[in-house]
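Computation of the quantities below employed the complete heavy-atom set of this structure, encompassing side-chain atoms and omitting hydrogens, waters and symmetry-equivalent molecules. For this chain, numbers begin at 1 and follow the sequence in order.
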Amino acid sequence: MRNAKEHWANKVEHTSVLGIKILFHLHRLFGKLPFRFALAPVVFCIWISDKKARQASNDYLQKAYRAGYLSRKPRTFTSLCHMFYFAETILGKMLAIWSQQTTENLCVENESLMSDLLAQRKGAVVLTSHMGCVEALMHHGSLYKIPSIALVHSANTAQYTRLVERSSALGHIEFWEVTELNPASIMKLEEKCQKGYFIFIAGDRIPIHSKAVVPVSFLGSEAHLPTGGVILAHMLGLPLLSMTCWRQETSALRDLKGQNRYRVRFAKLADQVRLPRGNRNQECQRLMQQYAMELEHGLKESPLDWFNFYRFWGAS
């Protein structure tokens with residue numbers, strides 16, 4: 001049984017709003033190289049002090065290597081590179097949060113899955129993940145005024161969540177606290193969905209106060225994934241999609257104002273989710289296994305884009 005202290009929701013937030021703003025303005029004024037130099041000691045301090053994050057990174061990297069996603073066997077400092085890769089993604093997140101201009105650093109695969117539903121004024125439940133720079137897609141969707149609701153858990157990332165919620169660049173996205181969902185809020189969600197809203201919810205984080213998970217095969221080992229998004233799509237009568245994101249291209253250091261390029265991939269998991277009483281759990285497991293395969297597809301393209309720095313595999 002997993003110790004409650006190892007639950008992802010109990011991870012301590014390392015975010016400093018002031019620090020993020022300083023890094024953002026450092027990049028804006030002087031470019032990417034000084035930004036990376038300033039970032040390096042911060043990442044090293046977190047890497048050296050957070051043993052559980054190091055262990056989680058090493059666990060993932062070993063699995064990615066055995067799956068053939070990494071060409072070299074991970075060593076001690078590979079997890080440091082992994083954390084630095086995540087930290088550098090902060091720049092993409094900051095640009096998405098604070099920039100008002102349309103950027104061309106995003107390639108969307110299977111975008112027609114979204115546009116077709118938009119044309120029908122029909123929403124969907126979209127399972128997201130902690131891969132790549134999801135904020136880049138949020139910015140993209142907000143620019144095109146796509147009606148969206150993001151279900152978030154902010155207890156352990158309060159400062160960062162407030163930063164995102166106050167962003168004028170993401171003004172067309174509503175943020176709802178996932179732990180506060182109840183019958184009344186579900187009814188409000190249903191009303192929103194009738195207007196064509198898309199509901200985004202993480203598919204790679206087990207619930208806070210629930211055992212609603214199913215086992216799946218992920219990178220050659222058993223992992224547990226939440227069924228909340230599947231059940232929500234069933235209750236609201238909406239299609240179920242997955243969305244993954246990974247870095248497609250890293251901008252050159254000599255390109256002072258360069259931005260990393262990201263790829264977002266949508267996949268349809270179900271036109272309509274039906275959960276018959278007799279095999280509800282099996283159907284949830286089938287859909288979440290498809291989602292796990294989508295995660296693997298993205299990680300094969302960019303294995304360092306996995307940003308779950310807590311014990312992911314093992315008992316729920």
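Atom CE of M187 is separated from atom CG of L189 by 11.5 Å, given to the nearest 0.5 angstrom. With rounding to the nearest 0.5 Å, the separation of CZ in F84 from CG in L80 is 8.5 Å. Distance NE2/H234 to OG1/T227: 11.5 Å, rounded to 0.5 Å. Between Q55 atom CD and R311 atom CZ the span is 10.5 Å, to the nearest 0.5 Å. Interatomic distance, NZ of K192 versus CD1 of I199, reported as 9.0 Å (0.5 Å rounding). A distance of 5.5 Å separates OG of S129 from CG of L295, quoted to the nearest 0.5 Å.
Contact check for E296 versus Y69: side-chain heavy atoms found under the 4.5 Å cut-off. Taking the side chain as every heavy atom from C-beta outward, P239 and K268 never approach each other to under 4.5 Å. Under the 4.5 Å side-chain criterion, counting only non-hydrogen atoms from C-beta, Y60 is in contact with P303. With a 4.5 Å cut-off on side-chain heavy atoms, E88 and R36 count as touching. Residues P215 and Q285 have side chains in contact (heavy-atom distance under 4.5 Å, counting atoms from C-beta outward). The closest side-chain heavy-atom distance from Y291 to V230 is not below 4.5 Å. At a threshold of 4.5 Å between non-hydrogen side-chain atoms, the residues Y85 and S302 count as touching. The side-chain heavy atoms of L241 and L117, taken from C-beta on, include a pair separated by under 4.5 Å.
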Just do the side chain to side chain contact (heavy atoms under 4.5 Å, CB included) check on E301 and R263 with the steps written out, would you? CA-CA 10 Å; E301 296 293 327; R263 187 174 188 86; over 6 Å; no
Kindly determine whether Q282 and R286 satisfy side chain to side chain donor-acceptor pair (under 3.5 Å), including the steps that lead there. CA-CA 6 Å; Q282 291 89 333; R286 184 185 70 82; over 6 Å; no
Stepwise, does the side chain to side chain contact (heavy atoms under 4.5 Å, CB included) test hold for C107 with R261? CA-CA 8 Å; C107 175; R261 184 172 178 80; 3.7 Å; yes
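Salt-bridge check for K63 with D59: passed, with a basic side-chain N closer than 4.0 Å to an acidic carboxylate O.
Evaluated for a side chain to side chain contact (heavy atoms under 4.5 Å, CB included) with C133, the options Y262, F307, W246 yield exactly one hit, Y262.
Checked against side chain to side chain contact (heavy atoms under 4.5 Å, CB included), H130 has the following partners two or more places apart in sequence or in another chain: A202, D204, R205, N308.
In terms of hydrophobic clustering, with Ile, Leu, Val, Met, Phe, Trp and Tyr side chains grouped at heavy-atom distances under 4.5 Å, F77 and L70 are assigned to a common cluster. Hydrophobic clustering, with ILVMFWY side chains joined whenever heavy atoms are under 4.5 angstrom apart, groups L39 together with I48. The hydrophobic clustering, which links ILVMFWY residues whose side-chain heavy atoms are closer than 4.5 Å, places I201 and I186 together. A chain of hydrophobic side-chain contacts below 4.5 Å, direct or via other Ile, Leu, Val, Met, Phe, Trp or Tyr residues, connects M288 to M235. Side-chain heavy atoms closer than 4.5 Å link hydrophobic residues (I, L, V, M, F, W, Y) into clusters, and following such links, even through other members, never connects V216 to M293.
The heavy-atom pair separating E283 from R274 by the smallest distance is CG-O, 3.4 Å. Here the closest non-hydrogen pair linking W47 and S79 is NE1-OG, 2.8 Å. Here the closest heavy-atom approach between residue R247 and residue N260 is recorded as CZ-ND2, 3.5 Å. Here the closest non-hydrogen pair linking C284 and L275 is SG-CD2, 3.9 Å. Residues K195 and R121 come closest through the heavy atom pair O-NH2, 3.6 Å. Considering all non-hydrogen atoms of both residues, P34 and L26 come closest at O-CD2, 3.4 Å.
Using a 30° and 60° split on the angle between ring planes, F312 and W306 fall in the perpendicular class, above 60°. The aromatic rings of F198 and F200 sit tilted, their planes meeting at an angle between 30° and 60°.
Taking the six-membered ring where the residue is Trp, the centroids of F218 and W313 are separated by under 6.0 Å.
With hydrogens and angles disregarded, no donor-acceptor distance shorter than 3.5 Å links the side chain of S57 to the backbone of R54. Looking only at distances, no side-chain donor or acceptor of N110 sits under 3.5 Å from a matching main-chain atom of A267.
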